[in-house]
**Q** 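Starting off with a structure, shown below.
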Amino acid sequence: MKSNTFPRELRLLTPSHFSPVFDRPVKAVSDHFTLLAKYNDLDHPRLGLTIAKKKEKTAVGRNRIKRNIRESFRLNQDNLPNIDIVVLARDNIGDADNAYLQKQLNKLWKKISLRCEQSLKR
RNA sequence: CGAGAUGGCUAGACAAUCGCCGCUUUAUCGUUGUAUCUCAACCUUCGGGUUUUGGUAGACGGAUGAAGGGGAGGAAAGUCCGGGCUCCAUAGGGCAGAGUGCCAGAUAACGUCUGGGGGGCGCGAGCCUACGACCAGUGCAACAGAGAGCAAACCGCCGAUGACUGCUUAGGCAGAACAGGUAAGGGUGAAAGGGUGCGGUAAGAGCGCACCGCGCGGCUAGUAAUAGUUCGUGGCACGGUAAACUCCACUCGGAGCAAUUUCAAAUAGGGUUCCACUACUCUUAGAAGUUAAUGCGCGGCCCGCGUUGGAACCGGGUAGAAAGCUUGAGCCUUAGAGCAAUCUAAGGCCUAGACGAAUGAUUGUUCACGACAGAACCCGGCUUAUCGGCCAUCUCGCACC
RNA sequence: GCGAGUAUAGCUCAGCUGGUAGAGCGAUACCUUGCCAAGGUAUAGGUCACGAGUUCGAGCCUCGUUACUCGCU
C-alpha cells in the first residue's frame with residue numbers, strides 16, 4: 001500500500017532522537033547534502049533536518065530547503081527501510097533551484113538504502 | 001509634455017493533483033473521573049461509610065476516518081525605545097545611577113505622533129534640525145601666533161617740529177634710540193572682544209554723534225515658545241565648547257514567556273510510619289560499628305566480588321506533557337468633536353497559534369515576468385532592507401488655447 | 001526567542017577624560033660572518049569594521065548599520 005502522508009511519527013523530534021544517528025552512521029553525500037542514517041526499532045523510516053544558519057542565511061531560504069527535503073521524503077518513504085535519516089546542508093545550498101535539489105534527493109534515497117543493506121550484511 | 005515634492009494603497013492571478021497545522025460538525029473506538037443501578041468484603045453509634053465487580057447515561061479530554069471553513073509581513077527583521085502580562089523586591093520619601101531636553105497638545109506610555117515657534121537648505125511645492133542654562137562653579141582649546149580668557153604690543157603707527165651720532169661750505173645733510181601711547185592696518189589661527197560713515201586725536205580708540213546690530217526694561221499679540229515695537233534705557237559686552245563635568249526641569253524598582261504555573265515516568269537520594277533483623281560492643285536504642293549470614297565464581301574449603309532490608313505514604317523534582325497562547329489600548333462601516341495627532345457614540349465582525357517549528361511541491365494557462373524577506377507571549381512606535389505598480393494633492397519649466 | 005560584549009598593521013595587543021596612531025612578533029633591504037643563526041641599522045605596511053552627526057579637530061563622544069563572540073535549553 002502506497003502512502004504519501006507525512007505525520008509526526010515519521011520525524012525525529014528531540015535531541016535524544018538525533019544523537020544516536022550521529023554515532024557512527026551510514027553516510028551518503030551529494031553537491032548540497034550530507035545524509036546520515038542508522039537502523040531504528042520501528043517499522044518505518046524517520047527524518048530529521050539540520051540546516052545551519054551559516055549555510056543559508058535567511059529563514060526563508062532555510063524553510064525552502066526543508067520543504068523540499070520533506071516533500072521528497074514524503075514521496076519516497078515507501079522505498080526506504082526502517083532507518084533514521086538526518087539530512088545536513090552543505091555550503092552554497094542556497095544557490096541551487098528546487099528542481100536540482102529534488103534530483104539530488106531522489107538519487108540519495110536510493111544510495112542510502114543500498115548502503116544500509118550492505119552495512120547490515122557485513 | 002518634462003522634472004520634482006508629500007501622503008496613501010498594493011505586494012502576481014486562476015485551475016488540477018498530492019501533502020502540513022489549528023478550528024467547527026459528525027461517525028467509530030477505547031479510557032478514566034462524574035451520576036445512577038448492581039455484586040462482594042470490612043467497619044458501624046444501624047443513619048451510613050470505605051474498598052471492589054459488572055452495566056447504563058450524558059459530558060469532557062484522547063485516537064482514527066469524513067465533511068466544511070481558516071492559515072505569515074509591510075517590514076513578520078534589527079531589538080533601539082515605550083506599555084500590557086508574569087515573578088521577585090517594596091511603608092513613604094531621598095541619595096546614587098540612567099534617560100529625556102524650544103512651546104502646546106495627543107496617548108496606556110514613549111526617545112513616538114500632531115500643531116506652532118526659532119535656525120539652516122531649496123526658484124518653489126517642501127525638507128532638515130539633541131533647539132534649556134557657560135553673568136552658580138570647575139575645566140578644555142594641540143599646532144601656529146606677540147597675545148587664547150579679570151585680553152595681548154611681533155611688524156606697523158604715534159612719540160619724532162628728533163634724545164643721540166657722523167659729516168659739514170655752519171645754511172644744513174644723513175642715520176637714528178628709550179620711556180610711554182595706540183587694537184585703525186599687516187600677519188597667525190577654527191576662534192583675536194560690534195559694523196559703516198563723520199567728527200575727533202600726537203596717533204588712535206564707542207572717545208563723541210548718526211544709522212544698523214545687541215543687552216535690559218516696558219507695552220502690544222499669543223495658553224506658551226516667541227514675535228513686533230515711530231517706547232525707554234545702556235556705549236557695547238555678555239566670546240566658543242554642556243553628544244566636557246555640572247546646574248535646572250521632568251521621567252524611571254529589577255528581571256524577563258528559556259518569565260511563571262500545573263501534571264509527572266525511569267534512576268538516585270530525602271522524610272514519616274509499620275514489619276523484618278545472628279550475636280556482640282558503644283549508647284541519649286540509631287541497622288552506628290564489629291561480627292555473622294547469604295548469592296555468584298565453584299560441588300566443598302580458602303580467597304575474590306556482590307547483597308543485608310521490605311511495604312505504604314509524604315515532599316522535592318529530571319526527561320516528557322499541559323497551561324501561559326491569542327477577544328485585543330482588536331478590525332470594519334457610519335455619525336459627531338477637533339486645524340491635526342486623536343477621541344466619543346452606534347452597528348457589525350472574529351481574522352495564524354505552530355514547537356526541529358505549519359502556507360509547500362509539481363503541472364498547465366495568463367500578465368506588468370514577481371523585490372526584500374517567514375509569526376514564536378501580545379500591542380504602540382522608531383530604524384534598516386525592498387523589484388515594481390496604482391491613486392490623490394501640490395510645485396517648477398516648456399508649448400498651446 | 002531573550003540578554004551581554006568585541007572590531008586598531010599580516011598576527012597578538014596598547015592608545016588615560018578628543019590634538020592628527022604606536023609596541024612586540026613577522027616582512028623587505030643593508031651591516032656583521034667563510035656560510036647560517038643570533039645581533040644591529042633602516043624601510044614599507046592602517047579608509048582605526050562601515051555610514052552619518054556633534055566639534056576648529058573624532059580611534060576616542062552620540063546615533064544607525066554589518067560581522068563575530070559569549071550566557072540563558
Side-chain angles (χ1 to χ4, degrees):
Chain A
M1 178 183 145
K2 188 160 174 64
S3 170
N4 287 323
T5 61
F6 187 55
R8 174 135 300 170
E9 289 76 39
L10 298 183
R11 305 190 194 178
L12 298 175
L13 295 174
T14 64
S16 55
H17 290 154
F18 271 82
S19 45
V21 181
F22 283 98
D23 182 27
R24 282 184 295 167
V26 178
K27 292 182 191 170
V29 179
S30 74
D31 288 353
H32 294 115
F33 296 108
T34 300
L35 270 66
L36 309 177
K38 212 171 193 188
Y39 279 95
N40 59 35
D41 300 330
L42 309 168
D43 59 351
H44 54 75
R46 290 191 297 180
L47 180 69
L49 302 172
T50 303
I51 316 293
K53 200 171 185 179
K54 275 186 181 174
K55 306 294 183 188
E56 175 60 33
K57 230 174 112 182
T58 65
V60 171
R62 287 193 296 278
N63 280 343
R64 183 175 69 88
I65 293 160
K66 285 193 259 186
R67 282 168 183 153
N68 272 288
I69 297 169
R70 280 198 214 104
E71 182 72 10
S72 181
F73 179 82
R74 182 172 71 80
L75 297 171
N76 288 287
Q77 56 178 292
D78 289 306
N79 303 321
L80 294 168
N82 58 323
I83 51 176
D84 287 345
I85 304 175
V86 172
V87 180
L88 300 163
R90 305 186 71 200
D91 287 341
N92 302 321
I93 193 166
D95 300 339
D97 61 8
N98 288 350
Y100 186 54
L101 292 179
Q102 292 292 328
K103 200 174 149 195
Q104 287 184 62
L105 287 163
N106 285 334
K107 284 185 185 172
L108 283 168
W109 301 130
K110 292 174 192 164
K111 204 169 171 183
I112 196 80
S113 47
L114 202 69
R115 289 192 181 176
C116 283
E117 282 178 37
Q118 288 171 354
S119 74
L120 209 59
K121 285 173 190 168
R122 259 186 272 138

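Every chain is numbered from 1, with letters handed out A, B, ... down the list of sequences.
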**Q** Nearest whole angstrom, please: distance from the P of B/A373 to the CZ of A/Arg62.
**A**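 From A/Arg62 CZ to B/A373 P: 12 Å.
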**Q** For atom C1', what is the distance between B/A59 and B/G48, given to the nearest Å?
**A**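 Here B/A59 and B/G48 have their C1' atoms 30 Å from each other.
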**Q** Expressed in whole Å, how much space separates the P atoms belonging to B/A255 and B/C349?
**A**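 Roughly 45 Å separates the two P atoms.
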**Q** What's A/Thr50 touching, base or sugar-phosphate or nothing? Going by heavy atoms closer than 4.0 Å.
**A**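 Here A/Thr50 touches the bases of the nucleic acid.
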**Q** Taking atom P in both B/A13 and B/G370, compute the distance separating them and give it to the nearest angstrom.
**A**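 The answer is 14 Å between these two P atoms.
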**Q** How close or far is atom P of B/U359 from atom NZ of A/Lys66, stated in whole angstroms?
**A**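 So the two atoms are 11 Å apart, to the nearest Å.
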**Q** Which label fits C/U55, syn or anti, where anti is any glycosidic angle not within 90° of 0?
**A** syn
**Q** B/G185 pairs with which nucleotide, Watson-Crick or G-U wobble, both distances below 3.5 Å?
**A**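 Checking every strand shown, B/G185 finds its partner in B/C155, with both distances under 3.5 Å.
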**Q** Given that A/Ala99 and A/Thr58 both sit by RNA chain B, which one's nearest nucleotide is further toward the 5' end?
**A** A/Ala99
**Q** I want to check one thing: is the phosphate of B/A361, taken as OP1 and OP2, less than 4.0 Å away from some side-chain N or O of A/Asn98?
**A** yes
**Q** How would you list, by chain and number, every residue that makes a side-chain hydrogen bond (donor to acceptor under 3.5 Å, both in side chains) with A/Ser30, sequence neighbours excluded?
**A**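 Once residues adjacent in sequence are excluded, the partners of A/Ser30 under the side-chain hydrogen bond (donor to acceptor under 3.5 Å, both in side chains) criterion are A/Gln104.
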**Q** Quick one: A/Asn76 CG to B/G19 P, roughly how many Å, whole number?
**A**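 After rounding, the reported distance stands at 14 Å.
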**Q** List in chain and number order the residues that pass side chain to side chain contact (heavy atoms under 4.5 Å, CB included) with A/Ser113, two or more places apart in sequence or in another chain; answer none if no residue qualifies.
**A** A/Leu80, A/Pro81
**Q** A/Thr34: which residues meet the side chain to side chain contact (heavy atoms under 4.5 Å, CB included) condition with it, sequence neighbours left out?
**A**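 Listed in chain order: A/Val29, A/Leu36, A/Leu88, A/Arg90.
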**Q** Can you name the side-chain hydrogen bond (donor to acceptor under 3.5 Å, both in side chains) partners of A/Asn63, sequence neighbours left out?
**A**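 For A/Asn63, no residue satisfies side-chain hydrogen bond (donor to acceptor under 3.5 Å, both in side chains) once neighbours in sequence are set aside.
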**Q** Can you list everything that forms a side-chain hydrogen bond (donor to acceptor under 3.5 Å, both in side chains) with A/Asp31? Sequence neighbours excluded, please.
**A**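 Checked A/Asp31 against side-chain hydrogen bond (donor to acceptor under 3.5 Å, both in side chains); matches are A/Tyr100.
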**Q** Just confirming the chi classification of B/A35, syn or anti, using 90° around 0 as the syn window.
**A** anti
**Q** Using side-chain hydrogen bond (donor to acceptor under 3.5 Å, both in side chains) as the criterion, list what pairs up with A/Arg62, not counting sequence neighbours.
**A**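 Residues passing side-chain hydrogen bond (donor to acceptor under 3.5 Å, both in side chains) with A/Arg62: none at all.
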**Q** Between atom CD1 in A/Ile69 and atom C1' in B/G356, what is the gap in whole Å?
**A** 12 Å
**Q** In whole angstrom, give me the gap between the P atoms of B/A337 and B/A11.
**A** 35 Å
**Q** Provide the distance between the two C1' atoms, one in B/U342 and one in B/G380, to the nearest whole Å.
**A**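 Their C1' atoms lie roughly 14 Å apart.
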**Q** Measure the distance from CD on A/Glu71 to C1' on B/G19 and round it to the nearest whole Å.
**A**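 About 6 Å, once rounded to whole Å.
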**Q** Please classify the glycosidic conformation of B/G171 as syn (within 90° of 0) or anti (everything else).
**A**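 What B/G171 shows is a syn base, its glycosidic angle lying within 90° of 0.
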**Q** Pairs counted only when both distances fall under 3.5 Å, Watson-Crick or G-U: show me the 5' to 3' dot-bracket for RNA chain C, [ ] for pseudoknotted crossings and | for other-strand partners.
**A** (((((((..((((.....[..)))).(((((.......))))).....(((((..]....)))))))))))).
**Q** Hey, is C/U65 sitting syn or anti, using the within-90° cutoff around 0?
**A**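 Base orientation: anti.
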**Q** Go ahead and name the base partner of B/A376; Watson-Crick or wobble counts if both distances stay under 3.5 Å, otherwise write none.
**A**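 Because no pair has both required distances under 3.5 Å, B/A376 counts as unpaired.
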**Q** With the criterion being N/O to N/O and under 3.5 Å, what pairs connect the protein with nucleotides 352-355 of chain B, and how long is each?
**A**
residue	atom	partner	partner atom	Å
B/C355	OP1	A/Arg8	NH1	2.7
B/C355	OP1	A/Arg8	NH2	2.3

**Q** Measure the distance from CD on A/Gln77 to C1' on B/C18 and round it to the nearest whole Å.
**A**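 My rounded result for the distance is 12 Å.
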**Q** Distance between the C1' atoms of B/G73 and B/U25, in whole angstroms?
**A** 33 Å
**Q** Any ring pair (Phe, Tyr, Trp, His ring centres under 6.0 Å) pairs touching residues 48-69 of chain A, not counting sequence neighbours?
**A**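 Listed by first then second residue: nothing to list.
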**Q** On RNA chain B, nearest-nucleotide positions of A/Leu49 versus A/Asn63: which is more 5'?
**A**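 Mapping each residue to its closest nucleotide by heavy atoms, the 5'-most match is A/Leu49.
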**Q** Please report, rounded to the nearest Å, how far the C1' atom of B/G19 is from the CZ atom of A/Phe73.
**A**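 It works out to 14 Å between those atoms.
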**Q** Quick check on contacts: within residues 102-109 of chain A, what sits under 4.0 Å from RNA chain B by heavy-atom distance?
**A** none
**Q** Could you tell me the Watson-Crick or G-U partner of B/A249, where both distances fall under 3.5 Å? Say none if there is no partner.
**A** B/U100
**Q** Using the test side chain to side chain contact (heavy atoms under 4.5 Å, CB included), find all partners of A/Arg70 that sit at least two apart in sequence or belong to another chain.
**A**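 Testing A/Arg70 for side chain to side chain contact (heavy atoms under 4.5 Å, CB included), a comparison that skips the adjacent residues, returns A/Phe6, A/Leu47, A/Leu49, A/Lys66, A/Arg67.
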**Q** Kindly write out the residues that satisfy ring-ring contact (aromatic ring centres under 6.0 Å, His included) with A/Tyr39, not counting sequence neighbours, or none if the list is empty.
**A** none
**Q** Tell which nucleotide pairs with B/A243, taking only Watson-Crick or G-U wobble pairs whose two distances are both under 3.5 angstrom.
**A** none
**Q** Please classify B/G47 as syn or anti, treating any glycosidic angle within 90° of 0 as syn.
**A**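 It is syn.
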**Q** Roughly how far apart, to the nearest Å, are C/U54 and B/A243 at atom P?
**A** 13 Å
**Q** Which whole number of Å gives the distance between the C1' atom of B/G159 and that of B/A203?
**A**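 Approximately 9 Å lies between the C1' atom of B/G159 and that of B/A203.
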**Q** Whether A/Asp84 and A/Lys38 form a salt bridge (side-chain N of Lys/Arg under 4.0 Å from carboxylate O of Asp/Glu) is what I want to check.
**A**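 A salt bridge is absent here (no side-chain N lies under 4.0 Å from a carboxylate O).
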**Q** Considering just the side-chain nitrogens and oxygens of A/Arg67, establish if one lies under 4.0 Å of OP1 or OP2 belonging to B/U359.
**A** yes
**Q** Distance check needed: B/G19 P versus A/Leu75 CG, whole Å only.
**A** 9 Å
